[in-house]
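The shown structure was predicted, so the numbers you read here are calculated from the model rather than taken from an experiment. Chain letters run A, B, ... following the sequence lines, proteins first and then strands; every chain starts at 1. All values below come from the heavy atoms of this structure, side chains included, with hydrogens, waters and symmetry mates left out.
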Amino acid sequence: MFSTRTFCASILLSLPALSLAQTDSTQHLQEVTVSGDRYREVIPSQRLSGEQLEALSSFSVADAIRYFSGVQIKDYGGIGGLKTVDIRSMGTNHLGVFYDGIEIGNAQNGTVDLGKFSLDFIDEISLYNGQKSEIFQSAKDFGSAGTVYLRTRRPKFTKNKKTNFISYFRTGSFDLVNPSVLWEQKLGKGGKFSAPTASLNVEYIYSSGKYKFRHTVRNSDGSVANDTTAVRKNGDIHALRLEGGFNGFIEQGKWHIKGYFYDSEKGLPGAIVSNVWKNSQRQWDRNAFVQGSFQKQLFKNYDFLANVKYSNDFMHYLNPDTTLMYINSKFSQQEIYISTANKYAILPTWDLNFSADYIWNTLDANLYNFVYPTRSTALAALATAFEWRRFKVQASILGTFVFENVRKPNAYKPDDKSEYTPAIFLSYKPFKRRDFNLRTFYKRIFRMPTFNDLYYTEIGNIKLRPEFTTQYNLGFQYNLPVGAKYFSFLQIRADAYYNEVIDKIVATPKGGSGGGSLYRWQMENLGYVEIRGVDVSAQMGWKLPADIHINTSLNYTYQKAQNFTAPKNEWEKQWYGGQINYIPHHSGSAIVNTAWKSWDLNYSFIYVGERYHNSANIRANYEQPWYTHDLTVGKSFDIRNSIFLKNGISKIKISAEINNIFNQQYDVVLNYPMPGRNYKIILKIDI
Amino acid sequence: MNKNILLLIAGLCLCLSSCRKDEEIFPPEVIPVAPPDTVGANNHSPLRGFYLLNEGNMGSNKSTLDYYDYATKEYSRNIFAFANPTVPKELGDVGNDLQIYGSKLYAVINCSNKIEVMDKYTAKRLGQINIPNCRYIRFHEGYAYVTSYAGPVEINPDYEQKGYVAKVDTATFQVLDRCIVGFQPDELEIVGRKIYVANSGGYMVPNYESTVSVIDIPSFTETKRIEVAINLHHLRADKRGTLWVSSRGDYYDVPSRLYWIDTQTDTYGGELPVAVSEMTLDGDSLYLYSTEFSYNAMDWTITFGIVDVAKKQIVTRNFIADGEEKKISMPYGIMVNPITKDIYITDAANYVYPGALICFDRHGKKKWQVQTGDIPAHFALLWE
């Protein structure tokens, strides 16, 4: 596994990717030892890592993911605001999020709030359409329409060093106070392999979440009709994150154990509507998990991987507004997860993998008439990967078996479900001397109705079927020969795709009348969506005179995501085929990262084209395009000291960010105003 | 070659960057629904037209006001914003009632905690009445009476909050007094010197309210509670002083029903076996429809009907004659033209798509259909 071949291949493959940016060679070597074998990757991921990731003025994982192509973010604004990710318009529930190799589940609503995950000490974010092009993985890795992998920093030590201490301090707009410290320790001397390591990371976030926003409306002659400036309120957040673990290497293998604890209280700033400029709803979240992973080549040609996880999540929602319905809801979820994967190399170019997972979920809530569901899921995946000349193929089939139970006496429970879903990935390198790859994939997968979809009092519907997606993708990746003097790399990739979302679970009205909070809804498998899209991206590296390095990344996405839900009558046919809510036809991003000696300058741009907040694409439902320009300047200093190592070198880095430079006043989601121009100062000390 | 590719990509990105425009107030969309009257155009009708209030989904701030003109037969969509460009965030979030009294048009905007008061001919804003969680409005001798869910809070483990009826001066738009009633009071009706209020208890599931409150107007105090059924909603008084009360039921075992109260004695009168979501009274005919959902059956049924309030009998279970009722996804509002007896029904579709207004003639034959705002619901007739 850690053979030279893997090693070189990894370096080669990561070359064009953004990860290369200014990592020195020693770091790179250690980086590679842990990055696993990518040599068989059929379709490489979109990736952000290392200093490129650090240089992006992003606060959370969601902010960084915006720069990938094919991705749309729903951002409700502010530091504590909900941020969800939708990949290729299939809906947030179809995105799997993996944290250090194990999925973050949310059986209650199926959505992971990526705004909650800080970018501190995240080494790499990678996004795969379909699934990770590696068959040696748990069955769950095969179980989403698209997947984001977050890899936290694994401790790495320069020669003779036994302790690392890195700290960040961020402050700026929104009264942000955000200290974070990481302690890494090498345990023992280590023999043949580097010694096991321990790490502990503590982060605290406070922000008042206050920012000014302005709403200006003009008459048709251009004169100002009304113009309001107000302060976004009740967007405060207090959050504490504790994360720690142990990592180690063994003969032909590795292991890790980690614990994670997140505790937050935040205000939900809510929609700004006429005569209501402030809301008072609050939410408390407590997420804790422990997970472990063990991977080893047990015999020649046979690799074994085991993952286990226990997570415990608590959510408390309070509406204390005395003018509205008083709501004080508490939800607690538990998950147990066990997984094994077994890979057998039949030939050096042909692998076979079998994985089996078991997941147990439960949800408690203090809701009236709640049924207290538990769900057992068994997953089995059979996958194979082989290379033949310049072809690479990966094929898998996933069996999912779901058993639901409800603990409320005499309550109905949904039928057990079993589904078999295939995926096939192909790549072909037509020219021997050119690093040009054609790739294609097909995948059919589904998402289970969430506990909320099935059981939420009065809204839930136990008759729901899974929501399926089918994806077809055709594309290429071309690493151009780096001939020119100032060019260090140029990679172009493009993919065209066609997706279907079948039996989409949507809220449909259920009669009655009442207004306000008394609308009656019910979840149903009613929707049908077809998505036709193109993702194009180009990554370039320049090496200019005077030691100037420039990395650029351009991404563009075109999406036609149409709602083909069967109209209920002739009249509603006029909305048939409309672009679905909040999906722009055009979107894109650009990053330009310039480094000169100890200075770096990062410019990033995001563009989201015009959208409709409803698939009736009429003027009343129109949403303006929005685009933001962000700039970060950083300077590092080397300081010689002997704190952890005699004559060691510590790095101090100061960065300043200006985000939304042109102070655009925009909404991503209707009536949720986003911050205008804002600032941040970041101090990083790496001893 | 490489440079060309770069330029191409950069160019592509720039081309696609179509920019933001200023947010603009558009004039109303005017849709002719039928050719203007030729026959009988000279017959002067005292009925000018009607307003239709679209509720809009909660949080969308998309409550809008539409107007239909009987003379021009034109439907004007979203007239408030254009008539009142200086009002930030327009009409507001979730319109819940619309009434005309004197020269003024009153729109109760539930989630915006306000009542917009407009000139009844121009829809120009005259003022705003702030009442949190306001629901319905009626008038008596120069005062407006408004139900609100947001009464004083009783701090106990169950957290209970009664509703009230606010007394508002229609000249100054000031709230003068409050009368506490039951939990989550909905529609109200005034008969003689008494206000009747349908208490719903909609926030108290499963402990719904089941009474109609009677308020004596001179003393503005609650004098009586009349036991009717759980989760009461609408009230209509006929000319004989019979008060018709609709209940929502509990969506499980207790169905929605129509009841009557004798306002002479303030006692419960009886029940008719018909479900009611909304109703409108024209003479002795109470037109109603129901979209009743049952969690037990996991299904819902749409029904229409007319009740003869004199005989206290169901006259018909369907007043639409041409089968067009099957094409209504979600009936949400009803009104009858008192002169022509044309029947107007709104369709809220799936609550997300724009709604529709459908006009039927007195024989129940469809005349026309027009697109409205989101969740079209409440009518107000504009007389000369």
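Of the atoms belonging to Ala271(A), it is side-chain heavy atoms, and not backbone ones, that fall under 4.5 Å from chain B. Proximity to chain B (any heavy atom under 4.5 Å) is restricted, for Pro320(A), to the backbone atoms N, CA, C and O. For Asp97(B), no part sits under 4.5 Å from any heavy atom of chain A, backbone or side chain. Proximity to chain B is limited to the side chain of Asn563(A), based on heavy atoms less than 4.5 angstrom apart. Neither the backbone nor the side chain of Asn328(A) comes within contact range of chain B, judged by heavy atoms closer than 4.5 Å. Proximity to chain B (any heavy atom under 4.5 Å) is shown, for Ile272(A), by both the backbone and the side chain. Contact of Glu623(A) with chain B is not made at all, since no heavy-atom distance falls under 4.5 Å. In this structure, chain B has heavy atoms under 4.5 Å from both the backbone and the side chain of Tyr666(A). Using a 4.5 Å cut-off between heavy atoms, Gln184(B) makes no contact with chain A at all. Interface residue Leu91(B): only backbone heavy atoms are found under 4.5 Å from chain A. Of the two parts of Val276(B), neither the backbone nor the side chain holds a non-hydrogen atom closer than 4.5 Å to a non-hydrogen atom of chain A. Contact of His585(A) with chain B is not made at all, since no heavy-atom distance falls under 4.5 Å. Interface remark: Ser60(B) contributes backbone and side-chain atoms alike to the contact with chain A (heavy atom separation under 4.5 Å). Val217(A) touches chain B through backbone and side chain together, each having a heavy atom under 4.5 Å away.
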Checking side-chain hydrogen bond (donor to acceptor under 3.5 Å, both in side chains) for the pair Lys62(B)/Asn621(A): CA distance, chi angles, key distance, verdict?
CA-CA 10 Å; Lys62(B) 282 172 76 183; Asn621(A) 297 331; 2.4 Å; yes
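For the residue pair Ser112(B) and Val273(A), the shortest heavy atom distance occurs at OG-CG2, 4.2 Å. The shortest heavy-atom contact between Lys21(B) and Tyr622(A) is NZ-OH, 4.0 Å. In plain terms, the two heavy atoms of Gly355(B) and Trp571(A) that are nearest each other are O-NE1, 4.4 Å. Nearest approach of Arg20(B) to Gln624(A), heavy atoms of both residues: CA-OE1, 3.4 Å.
Within a 6.0 Å sphere centred on OH of Tyr456(A), other residues, nucleotides and ligands contribute 12 heavy atoms or fewer.
No other option in Gly588(A), Ser274(A), Ala616(A) has as many heavy-atom pairs under 4.5 Å with chain B as Ser274(A). With chain A as the partner, the residue from Ala81(B), Pro85(B), Gly92(B) showing the most heavy-atom pairs under 4.5 Å is Pro85(B). Counting heavy-atom pairs under 4.5 Å between each of Asn614(A), Leu526(A), Leu670(A) and chain B puts Asn614(A) at the top. With chain A as the partner, the residue from Pro132(B), Gly59(B), Pro206(B) showing the most heavy-atom pairs under 4.5 Å is Pro206(B). Of all the listed residues (Gln371(B), Met204(B), Arg77(B)), the one sharing the greatest number of non-hydrogen pairs under 4.5 Å with chain A is Gln371(B). Here Leu324(A) is the residue among Val276(A), Leu324(A), Thr216(A), Asn369(A) with the most heavy-atom pairs under 4.5 Å with chain B.
Within the model, atoms NZ of Lys89(B) and CG of Asn226(A) stand 10.0 Å from one another, a figure rounded to the nearest 0.5 Å. Between Arg619(A) atom CZ and Asn78(B) atom CG the span is 8.0 Å, to the nearest 0.5 Å. Rounding to the nearest 0.5 Å places OG of Ser220(A) at 5.5 Å from CD of Glu24(B). Atom CG of residue Asp347(B) and atom CG of residue Asn569(A) lie 6.5 Å apart, to the nearest 0.5 angstrom. Atom CG of Asn671(A) is separated from atom CG of Asp93(B) by 7.5 Å, given to the nearest 0.5 angstrom. In this structure, the separation between CD on Glu572(A) and NZ on Lys327(B) is 12.5 Å, given to the nearest 0.5 Å.
Pro354(B) is listed as a side-chain neighbour of Trp575(A), based on a closest heavy-atom distance under 4.5 Å.
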